[in-house]
Amino acid sequence: MNGFDWNAVGDSLPLLLEGFKVTLLATVLGTLVAAVLGLAVAMAGRAPSKFVTVPVRLVTEFVRSTPLLVQLVGAAALFNTVEPLYIGIAVLGVHYAAYTSEVYRAGIDGVPKGQWEACRALSLPPRRTWQAVILPQAVRNVLPALGNYAISMFKETPFLAVITVQEMVFEARKYGAEHFAYTEVFTLAGLVFLVASYPTSLLMRKLEKRLGH
């Protein structure tokens, strides 16, 4: 490749790998937040009281209807004394919780009615019904979808750079500006994203096929 500086690739790789650690940390913790909060939102959406369901629905729709980038900048402005990485993790988690809640809802609705009827026939208390019967089946059915959202979150972590989180793209942009090697460093960053996300995508497809049988 004419004009492609391979030395820049070797020099920038350690910096990108340091940034990748932050990217991975934000993805893992953000996914955990989204998984737990999404389940809580799905459960709250089934509450008998409109005083619970209506606010939950409004907040969820607001999160879905606004760009992640706007949410990051807004949260950083509101909580300017908090570490940017923590803000990024929280915003990613809340943003994707709005979507995983629908996944959980579909998983719960997909549990056969016979399971609910059997629990009532056995006089199982509601808590036991959810913990032992409904949620294990629902979560099992939605695991592939949750995994796909985790991959999507991983690919959207570069947005964290706008609030100065030193993830991989932040480091790539910094190196490119200092050494005038944007092509090399962003090509390398793209390859790292590809190597990390593509095998995971294949794994999710395999898991989806396996759970579908």
Side-chain angles (χ1 to χ4, degrees), residues 1-35 63-100 143-209:
M1 296 174 62
N2 293 331
F4 195 88
D5 187 356
W6 291 100
N7 290 327
V9 173
D11 291 341
S12 63
L13 182 59
L15 292 174
L16 294 190
L17 292 180
E18 284 299 314
F20 180 75
K21 293 178 182 179
V22 178
T23 295
L24 194 59
L25 177 65
T27 302
V28 171
L29 295 183
T31 298
L32 289 175
V33 172
V63 172
R64 289 181 193 156
S65 302
T66 53
L68 175 60
L69 186 61
V70 172
Q71 294 170 14
L72 284 167
V73 174
L78 287 173
F79 305 102
N80 51 29
T81 59
V82 179
E83 177 70 29
L85 177 60
Y86 300 152
I87 294 174
I89 291 170
V91 172
L92 284 172
V94 171
H95 182 82
Y96 276 90
Y99 295 96
T100 58
L143 276 178
L146 295 178
N148 289 332
Y149 275 123
I151 295 170
S152 296
M153 184 187 297
F154 172 68
K155 292 186 290 186
E156 289 194 335
T157 53
F159 284 128
L160 301 184
V162 302
I163 59 172
T164 69
V165 175
Q166 297 181 5
E167 45 73 58
M168 187 165 57
V169 170
F170 180 95
E171 295 292 353
R173 186 175 60 181
K174 180 180 177 182
Y175 183 92
E178 292 175 351
H179 299 86
F180 303 100
Y182 285 104
T183 300
E184 293 82 359
V185 73
F186 276 100
T187 298
L188 181 58
L191 289 173
V192 173
F193 271 109
L194 177 63
V195 169
S197 62
Y198 185 64
T200 309
S201 298
L202 295 178
L203 180 62
M204 288 300 103
R205 291 177 193 172
K206 184 176 181 180
L207 179 62
E208 187 172 6
K209 291 180 179 179

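The residues of the chain are indexed from 1 along the displayed sequence. Atom set for the values below is all heavy atoms of this structure, side chains included, hydrogens, waters and symmetry mates excluded.
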### Task
Under the side chain to side chain contact (heavy atoms under 4.5 Å, CB included) rule, what do Leu92 and Phe159 come out as? Steps first, then yes or no, please.
CA-CA 10 Å; Leu92 284 172; Phe159 284 128; over 6 Å; no

### salt bridge (charged side-chain N to carboxylate O under 4.0 Å, His left out) involving Lys174 - partner list, sequence neighbours excluded
none

### Query
What heavy-atom pair brings Gly88 and Leu160 nearest, and what distance separates the two atoms?
CA-CD2, 3.6 Å

### Query
Would you say the side chain of Phe193 lies within less than 4.5 Å of the side chain of Thr157, judging by non-hydrogen atoms?
yes

### Query
Do Lys155 and Ile151 come close enough that some side-chain heavy atom pair is under 4.5 Å?
yes

#### Entry: Over all atoms of both residues, closest heavy-atom pair of Met153 and Ala34
CE-CB, 4.2 Å

#### Entry: Euclidean distance, His179 NE2 relative to Asp11 CG, rounded to 0.5 Å
7.0 Å

#### Entry: Which atom of Leu188 lies closest to which atom of Ser12, heavy atoms considered
CD2-OG, 3.7 Å

### Query
Can you check whether Val91's main-chain N or O pairs, donor with acceptor, with His95's side chain at less than 3.5 Å?
no

#### Entry: Residues which pass ring pair (Phe, Tyr, Trp, His ring centres under 6.0 Å) with Phe20, listed by chain and number, not counting sequence neighbours
none

### Task
Start with the C-alpha distance between Glu18 and Glu171, add both sets of side-chain angles, then the distance that settles side chain to side chain contact (heavy atoms under 4.5 Å, CB included), and finish with yes or no.
CA-CA 8 Å; Glu18 284 299 314; Glu171 295 292 353; 5.6 Å; no

### Summary
Here the pair of heavy atoms bringing Pro199 nearest to Leu194 is CD-O, 3.9 Å

## Note on the structure
Rounding to 0.5 Å, atoms OG1 (Thr27) and CD (Glu156) come to a distance of 10.5 Å

### Interatomic distance, Leu24 atom CG to Lys21 atom NZ [nearest 0.5 angstrom]
10.5 Å

### Message
Going by the rule ring pair (Phe, Tyr, Trp, His ring centres under 6.0 Å), which residues pair with Phe186 if we only count those two or more places apart in sequence or in a different chain?
### Response
none

### Task
Apply the test side chain to side chain contact (heavy atoms under 4.5 Å, CB included) to residues Leu29 and Leu32: give CA-CA distance (whole Å), side-chain angles for both, the deciding distance (0.1 Å), then the verdict.
CA-CA 5 Å; Leu29 295 183; Leu32 289 175; 4.3 Å; yes

### Query
Where the side chain of Gln166 meets the backbone of Val22, is there a donor-acceptor pair that is under 3.5 Å apart?
no

### Task
Identify the heavy atoms of Met204 and Gly147 that sit nearest to each other, and give their distance.
SD-CA, 3.4 Å

### Task
Heavy atoms only: give me the nearest Gln71-Thr66 pair and the separation to one decimal.
NE2-OG1, 2.7 Å

### Message
Can you classify the ring geometry of Tyr99 versus Tyr96 as parallel (below 30°), tilted (30 to 60°) or perpendicular (above 60°)?
### Response
tilted

### Query
Atom CG in Asn148, atom CZ in Arg205: separation rounded to 0.5 Å?
8.5 Å

### Query
Hey, does the side chain of Thr23 reach the backbone of Met168 with a donor-acceptor pair shorter than 3.5 angstrom?
yes

#### Entry: Close side-chain approach of Ile89 to Leu85, heavy-atom, < 4.5 Å
yes

### Query
Are the side chains of Leu78 and Ile87 in touch, meaning some heavy atoms are under 4.5 Å apart?
no

